[in-house]
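Read the numbers this way: they start at 1 and go in the same order the structure lists the ligands and their atoms.
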Amino acid sequence: MLTDSSISAADIIRQQREFFQTGKTKSVDFRIAQLKILKRAVLEQEQAIIQALKADLNKPEIESYLTEVLVTKEIDYALKNIAAWTKPKKAPVSLDFFPYSAKIYPEPLGVVLIIGAWNYPFQLTISPLVGAIAAGNCAIIKPSELAPRTSHLLAEIIPKYFNSEYLTVVEGGVEISQQLIAEKFDHIFFTGGTNVGKIVMAAAAKTLTPVTLELGGKSPCIVDTEINLEHTVKRIVWGKFINAGQTCIAPDYLLVNKKIKIELLDSFKKCLKEFYGENPAISPDYGRIINQKQFDRLVNFLQDGEIVIGGETNSTECYIAPTIIDHVSAASPVMQEEIFGPILPIIEYSEITEAIALINSRPKPLALYLFSQNKDLQNRVLQETTSGGVCLNDTVMQVGVSSLPFGGVGDSGIGSYHGKAGFDTFSHNKSVLKNSFLLDLNWRYAPYQGKLPFLKRFLG
Ligand code: NAD
């Protein structure tokens, strides 16, 4: 049983399956109508969303607007493209197959489960939901219990705008999540840490439920000498310290050409003062760590290397100042796991080969950043490394481009979403081959005697 409720996960799924079987969600008009309702819901609830995020993460209003409310852009993109996405596509057929014709029909999977993380707790459930709706599915959403205000708000909003046999929110923590993933779904879309991703995939394997895993990792940020220093520093500071560093694609650590390190550090100091003032603890524009457990984990990293900027903490407020640590080695604890907080270690390199080797010696990251105007260097890094995505001369902005699939590779995830990729994730591409009664050649039918030489000449 799911907590505080007499209805079990199996019951909710059964109700949604019954609704799915009516075929209503398959109509493209229905999907368009639901996407419009979802957009209206986000816009009408904008202030409530911003307040919930303030309570959970002390998110400044502008950050909540840009990174969570603007999920409406994903809805607009889906609305603009849904007619093209849902249309069956002709597939070419070789002459040998005359008079056959072939088409690919995208069809919904059925009832899907979306499990969210706490760092962008609204957007990380609504954005996959856009793909699920566009593709014609029913969905159960399980937001993160660690952002409770946003989780409660989602549980309030969704039933106001949608029937529960179509979309529903199930609130709860690990236990509820485990009850859900033990059930047979048509797809599980999970956002969270790599270790929990393995648990989700293992549970899904038992019911042969396909999964998309949007995981984390240590995203490197290379800083070469051929840059505009001021722009580089602003873009790194923004991408690293937005949401107090609790962003899956935040630059995790810097790999800096040693010729530019001193200048870069000076520039970081100026930029941080400009962004958050002398004391970021009183800045209205700087967030907090989600909880004490994460705070304690992060504070341990402050033992590593030499703190050159920041380092101040306040346990009662879960505050950690924007911090930059120099003289960190690849073997330091801060370099062993995803930081997921406002601590930026710096490792210097003399030759780009060293930076590339370090990246390639580690699990494949979710994002990779390179600041350099040198096209050869850009091409080299693109050629010689692998990551979920890359952003050249900026950070984090790739997540906002709906035409780019968003997802990891290797330990940073399986599958992708946003825009068409989200639609595809929640669709099955059904291959349909059609013959005609125009003619019926005997070459493939028994008796086979004498037919092989002809077939070899004709088909080989
Ligand atoms: P998490 O893995 O701890 O939790 C994610 C969800 O899984 C929550 O809803 C939680 O209730 C559930 N869960 C936790 N333990 C579970 C278990 N044992 N069995 C079943 N379900 C369980 O992740 P988090 O702490 O919420 O988020 C942080 C991580 O998520 C970071 O690693 C970050 O990089 C990653 N992340 C990735 C993306 C992305 O798009 N790739 C986005 C945001 C966060």
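Considering backbone and side-chain atoms alike, Thr194 places every N or O at 3.5 Å or more from each N or O of ligand 1. Taking distance alone, with nitrogen or oxygen atoms compared against 3.5 Å, Gly192 approaches ligand 1 more closely than that limit. For ligand 1, none of its N or O atoms has an N or O atom of Gly173 under 3.5 Å away. Between Glu338 and ligand 1, a contact under 3.5 Å exists for at least one N or O pair. Below 3.5 Å of separation, one finds no N or O of Thr191 facing any N or O of ligand 1.
Close approach of ligand 1 to Leu366 is summarised as follows: ligand atoms under 4.0 Å from at least one heavy atom of the residue are 41 (N). Remark: ligand 1 atoms within the under-4.0 Å shell around heavy atoms of Lys142 are 8 (C), 9 (O), 10 (C), 11 (O). Each of the following atoms of ligand 1 lies closer than 4.0 Å to a heavy atom of Ile115: 6 (C), 7 (O), 9 (O). Of all atoms in ligand 1, numbered sequentially from 1 with element shown, those under 4.0 Å from a heavy atom of Glu214 are 37 (C), 38 (C), 39 (C), 40 (O), 41 (N). In summary, the atoms of ligand 1 found under 4.0 Å from a heavy atom of Leu124, numbered by their order in the structure, are 42 (C), 43 (C). Atoms of ligand 1 lying under 4.0 Å from any heavy atom of Ile199, numbered from 1 in the order shown and given with element: 18 (N), 19 (N). Interface of Ser144 with ligand 1, defined as ligand atoms under 4.0 Å from a residue heavy atom, comprises 9 (O). Counting the atoms of ligand 1 from 1 in the order shown, those under 4.0 Å from a heavy atom of Phe340 are 28 (C), 31 (C), 33 (C), 34 (O).
Contact analysis puts Gly116 in contact with ligand 1, with a non-hydrogen atom separation below 4.0 angstrom. Residue contacts with ligand 1: Val200 is excluded, as none of its non-hydrogen atoms falls under 4.0 Å. At a 4.0 Å cut-off, not a single heavy atom of Tyr120 sits close enough to ligand 1 to count as contact. At a 4.0 Å cut-off, not a single heavy atom of Gly408 sits close enough to ligand 1 to count as contact.
Protein heavy atom nearest atom 25 (O) of ligand 1, with residue, atom name and distance: Trp118 NE1, 2.8 Å. From the protein, the heavy atom lying nearest to atom 42 (C) of ligand 1 is Cys248 SG, 3.1 Å. Protein heavy atom nearest atom 41 (N) of ligand 1, with residue, atom name and distance: Leu215 O, 2.7 Å. Among protein heavy atoms, the minimum distance from atom 21 (N) of ligand 1 is reached at Ser177 OG, 2.8 Å. In this structure, atom 13 (N) of ligand 1 lies nearest to the protein heavy atom Val196 CG1, 3.7 Å. Protein heavy atom closest to atom 40 (O) of ligand 1, with residue, atom name and distance, is Phe406 CE2, 3.3 Å. For atom 44 (C) of ligand 1, the closest non-hydrogen atom of the protein is Asn119 OD1, 3.4 Å. Scanning the protein heavy atoms around atom 18 (N) of ligand 1, the nearest turns out to be Gln178 NE2, 3.3 Å.
Within 4.0 Å of atom 4 (O) of ligand 1, not a single protein heavy atom is present.
Look at Asp411 and Lys218 and you find no salt bridge, because none of the NZ, NE, NH1 or NH2 atoms lies under 4.0 Å from a carboxylate O. Glu63 and Lys59 are not joined by a salt bridge, as no carboxylate oxygen comes within less than 4.0 angstrom of a charged side-chain nitrogen. Ion pairing between Asp424 and Lys420 holds under the 4.0 Å rule for side-chain N and carboxylate O. Under 4.0 Å is where a charged nitrogen must lie from a carboxylate oxygen, and between Glu61 and Lys54 no such pair does. The pair Arg14-Glu18 meets the salt-bridge criterion, since a charged nitrogen lies less than 4.0 angstrom from a carboxylate oxygen.
Using modelled atom types and a 3.5 Å distance limit, the side chains of His187 and Thr425 yield no donor-acceptor pair. In the model, Glu44 has a side-chain atom that pairs as donor or acceptor with a side-chain atom of Tyr161 under 3.5 Å. Gln294 and Arg297 form a side-chain donor-acceptor contact under 3.5 Å, judged by distance and modelled atom types alone. Remark: the Tyr120 side chain and the Thr247 side chain contain an N/O donor-acceptor pair separated by less than 3.5 Å. Side chains of Ser267 and Glu230: a donor-acceptor N/O pair is absent below 3.5 angstrom, by distance only.
Counting heavy-atom neighbours within 6.0 Å of Lys261 NZ, excluding the residue itself, gives a total above 12.
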Margin query: Quick one, Lys36 with Asp76, criterion salt bridge (charged side-chain N to carboxylate O under 4.0 Å, His left out). Give me CA distance, side-chain angles, the key distance, then yes/no.
Written below: CA-CA 9 Å; Lys36 286 183 176 165; Asp76 289 339; over 6 Å; no
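In summary, the aromatic rings of Phe275 and Phe241 are positioned with their centroids too far apart to meet the 6.0 Å limit. Ring centroids of Tyr166 and Phe30 are separated by less than 6.0 Å, placing the two rings close together. Ring centroid separation for the pair Tyr319 and Phe295 does not come in under the 6.0 Å cut-off. The six-membered or imidazole ring of Phe340 lies near that of Trp118, with a centre-to-centre distance under 6.0 Å.
Neither the backbone nor the side chain of Ile249 has any atom closer than 4.0 Å to an atom of ligand 1 (non-hydrogen atoms only).
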